[in-house]
Amino acid sequence: MAANEYRVTGMTCGHCEMSVREEVETIEGVEGVEVSAQTGRLIVSGAAGIDDAQVLVAVEEAGYTAVRV
């Protein structure tokens with residue numbers, strides 16, 4: 001399973017985490033999402049490679065910004 005890590009800025013609470021998780025989970029091929037407002041970390045995993053561009057767009061749709069770590 002491949003996993004990509006991102007640094008998300010702007011998250012402050014559990015609701016923020018939920019918003020990001022819900023958007024990223026809609027990406028085809030995503031099998032797991034770990035997100036933490038406390039650390040700003042987002043880890044996206046799937047059997048195949050995850051498209052960074054799709055993840056970044058999903059995070060923006062949730063109202064935040066991200067960069068690949």
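Hydrogens, waters and symmetry mates play no part in the numbers below; they use all other heavy atoms, side chains included. Numbering starts at 1 and runs along the sequence shown. Just so we're clear, the structure is a prediction, and the values are computed from it rather than from any experiment.
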Checklist line | Non-neighbouring partners of S45 that pass side-chain hydrogen bond (donor to acceptor under 3.5 Å, both in side chains), sequence neighbours left out | finding: none

Item checked: Closest non-hydrogen atom pair between L56 and A66, with its separation -> CD2-O, 3.4 Å

Next item on the list: Name all residues meeting the side-chain hydrogen bond (donor to acceptor under 3.5 Å, both in side chains) criterion together with T12; count only those two or more places apart in sequence or in a different chain, and write none if there are none.
Entry: none

Margin query: Just to verify, what does E31 make a side chain to side chain contact (heavy atoms under 4.5 Å, CB included) with, not counting sequence neighbours?
Written below: M1, A47

Margin query: Just to verify, what does D52 make a salt bridge (Lys or Arg N to Asp or Glu O under 4.0 Å) with, not counting sequence neighbours?
Written below: R68

Check: What is the minimum heavy-atom distance between G49 and A2, and which atoms define it?
Finding: CA-CB, 4.5 Å

Next item on the list: State which residues pass side chain to side chain contact (heavy atoms under 4.5 Å, CB included) with T39; sequence neighbours excluded, sorted by chain then number.
Entry: S36, R41

Checklist line | ILVMFWY network linking V57 to Y6, side-chain heavy atoms under 4.5 angstrom | finding: no

Note to self: To check you understand the geometry: which heavy-atom pair defines the closest contact between G40 and M11, and what is its length?
What the structure shows: CA-CE, 4.1 Å

Check: To the nearest 0.5 Å, what is the distance between CE (M18) and SG (C13)?
Finding: 8.5 Å

Checklist line | Residue pairs, two or more places apart or on separate chains, that pass side chain to side chain donor-acceptor pair (under 3.5 Å) and touch residues 16-25 | finding: none

Next item on the list: For E61, enumerate each residue passing the salt bridge (Lys or Arg N to Asp or Glu O under 4.0 Å) test, keeping only those at least two apart in sequence or located in another chain.
Entry: none

Next item on the list: Report the residues that fulfil side-chain hydrogen bond (donor to acceptor under 3.5 Å, both in side chains) with T26, sequence neighbours left out, ordered by chain and then residue number.
Entry: none

Check: Under the side chain to side chain contact (heavy atoms under 4.5 Å, CB included) test, which residues partner I27, sequence neighbours left out?
Finding: V24, V30, Q54, V55, A58

Checklist line | Working for side-chain contact (heavy atoms from CB on, under 4.5 Å), residues L42 and V33 | finding: CA-CA 7 Å; L42 167 64; V33 177; 3.7 Å; yes

